[in-house]
2 protein chains.
Amino acid sequence: MEHDSGSADVYEQLARIGKVVVHPKRIELLDLLCQAERSVETLAEAAGLKLTTASAHLQVIRQARLVETRREGTRVYYRAAGEEVCRFVAALGDLGRARLAEVDQILRAIGAGSDSAERVTRAELLERVRSGEVVVLDVRPAEEYAAGHIPGAVSLPLEHLEARLGELDPGLEVVAYCRGPLCLLAPEAVATLRARGLRARCLEDGLPEWRQAGLPVATAPAGRSGRDTPATAPTNGHEARPGRRR
Amino acid sequence: MEHDSGSADVYEQLARIGKVVVHPKRIELLDLLCQAERSVETLAEAAGLKLTTASAHLQVIRQARLVETRREGTRVYYRAAGEEVCRFVAALGDLGRARLAEVDQILRAIGAGSDSAERVTRAELLERVRSGEVVVLDVRPAEEYAAGHIPGAVSLPLEHLEARLGELDPGLEVVAYCRGPLCLLAPEAVATLRARGLRARCLEDGLPEWRQAGLPVATAPAGRSGRDTPATAPTNGHEARPGRRR
DNA sequence: CTACTATTCCATAGATTTATGGAACATGAT
DNA sequence: ATCATGTTCCATAAATCTATGGAATAGTAG
């Protein structure tokens, strides 16, 4: 009564968004989509879902307008519908880490927890990469690197890390990054590297946060070179747009 | 495979939070709790719920650790469990306004939409209130004013606005604020004031955003009895000592 | 102690959601 | 045209969620 009917409608609308994040797999899908555009099949596989189930989930997310689609031949590519989506997912993760002891516990179990004294800040990384003191490692899957990465970073997906350890200059410190605070790829990579006697640290957060901080993002084919050709890949329009910050 | 089992667990935990915002009334409750601490009965009434239903919803929110409780005599007071909660609710609202045309439409219908050229920025308000050019009006219910308000603001709940119009100096411009971008109180107040020929504008956003911007928040009696020594320790001084209204 | 109040717990009927197989569609190749 | 592939739509059984009345629980006042 204190609230007009108008407000009630607003909350009803917002619940449409809530409906998306009530299911763990949908959060996972959304998280993946904040990294890069992907086809249904790829998403299903990455999230461990049957195809039809994944499609159903994607429909739910789509009805909330949190994703947009693009058709390429017979495939349909989904992508996050704007920066607010990524910001929302980030806020959800932050809240989880802050309030749910379980989340922090899980993360901490592999050294990704909040005992992050070991993490490199974005500012520090920017400075040290400029002076050539460190090598930046993108340990996410190659597609995600291709869709957008820190300029100058080398793509070395975690799954290939062991096999390609030799490519790293043992004299340089490694700074690894991945999808964000909830992602375990970089912490695992760092653990592996340290076990081999290399100096390695994680970047604070991941690529989405880097992007949201307004820092430059490069898109280029996944290759194994230190050099980058910041050519915009036409195969995905996700980060092609100059996205506003803040 | 690509994801370790650990990650799956994390998403499962985050879905606990999602479960809260899947129901419109729970979003509404959370929104109210970001303004001030409240008893179950008050919350039920404010959200238009039966008591047991409200209690049930609050249990769900509690299980996600998004609220904390405090017992005072026979009453139980709920409050938002930290600033991250308010930030999350704000992110949800932002996302809704950005992506769901329906939300913006509803808000716009009463002049609270994104055609906010008319809004006063926080910086502007700070400056102008210092030089005494404007009077700041808190049009939320008195309890919420008591729990925290912009220093120097006058409490004049919307429901009493018409009756107490005479108290306003017609020479000064009025800046009204309420709960935030989704709240309709201030826009309505401004509409009323303008209809009477007064100069009036809304503040951008509401008190939670003011607080999150790091600006000072005062807690004090609304104009009645009451101590104003913050007894609670959480991030923001949720303190209420209202004489029961009505 | 008893009476009373504010809240939570419990049981349940009714509504909604989920996973999934199979059918239907759209697109590109033959 | 026909076929193959990737995706969506549809139907459904199993699981989960919601609102609500009534009972149980704490705290307070006589």
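Sequence lines set the chain letters: A, B, ... in the order given, protein chains first and strands last, and positions in each chain run from 1. Source: prediction; values computed, not measured.
Between the Arg71(B) side chain and the Val76(B) main chain, no donor and acceptor come within less than 3.5 Å of each other. Tyr145(A) contributes a side-chain N or O that, together with a main-chain N or O of Ala153(A), makes up a donor-acceptor pair within less than 3.5 Å.
The side chain of Ser55(A) contributes no N or O atom lying less than 4.0 Å from OP1 or OP2 of dT7(D). Between Arg26(A) and dT18(C) there is a side-chain polar atom (N or O) within less than 4.0 angstrom of OP1 or OP2. Proximity of His57(B) to the phosphate of dC17(D): no side-chain N or O atom is located under 4.0 Å from OP1 or OP2. In terms of phosphate contacts, Tyr78(B) brings a side-chain nitrogen or oxygen within less than 4.0 Å of OP1 or OP2 of dT8(C). Between His23(A) and the phosphate of dA19(C), there is a side-chain N or O to OP1/OP2 separation shorter than 4.0 Å. Considering only side-chain N and O atoms, Thr53(A) lies under 4.0 angstrom from the phosphate OP1 or OP2 of dT20(C).
Mapped onto DNA chain C by nearest heavy atom, Thr52(A) and Gly73(A) fall at different nucleotides, with Thr52(A) at the one closer to the 5' end.
You won't find any donor-acceptor pair under 3.5 Å spanning the side chain of Thr74(A) and the base of dT27(C), going by distance alone.
Candidate nucleotides dT8(C), dC9(D), dT18(C) were compared by shortest atom distance to the side chain of Arg62(B), and dT8(C) ranks first. The Gln59(B) side chain lies nearest to dC9(C) when the options are dT7(C), dT7(D), dC9(C).
Look at NZ on Lys19(A): it is 12 Å from P on dT18(D), rounded to the nearest Å. When rounded to the nearest whole Å, the span between CZ of Arg71(B) and P of dG27(D) equals 5 Å. The interatomic distance linking Glu41(A) (CD) with dT27(C) (P) rounds to 18 Å, in whole Å. Separating the OH atom of Tyr77(B) from the P atom of dT8(C) is a distance of 13 Å, rounded to the nearest angstrom. Summarising the geometry, the separation between CD on Gln63(A) and C1' on dT16(C) is reported as 14 Å, rounded to the nearest angstrom. The CZ atom of Arg70(A) sits 12 Å away from the P atom of dT7(D) (whole-angstrom rounding). Atom CZ of Arg38(A) is separated from atom P of dG6(D) by 16 Å (rounded to the nearest Å). Residue Lys25(B) contributes atom NZ, which lies 13 Å from atom C1' of dT18(D) at whole-angstrom precision.
No side-chain donor from either of Thr52(B) and Ser55(B) sits under 3.5 Å from a side-chain acceptor of the other. Defined by atom type and a distance below 3.5 Å, a donor-acceptor pair is present between the side-chain atoms of Tyr11(B) and Asp31(A).
Heavy atoms of Leu49(A) sit nowhere under 4.0 angstrom from any nucleic acid atom. At a threshold of 4.0 angstrom between heavy atoms, the contacts of Leu51(B) include nucleobase atoms, whether or not backbone atoms are also involved.
Here Tyr78(A) contributes atom OH and Thr42(A) contributes atom OG1; the two are 12.5 Å apart, rounded to the nearest 0.5 Å.
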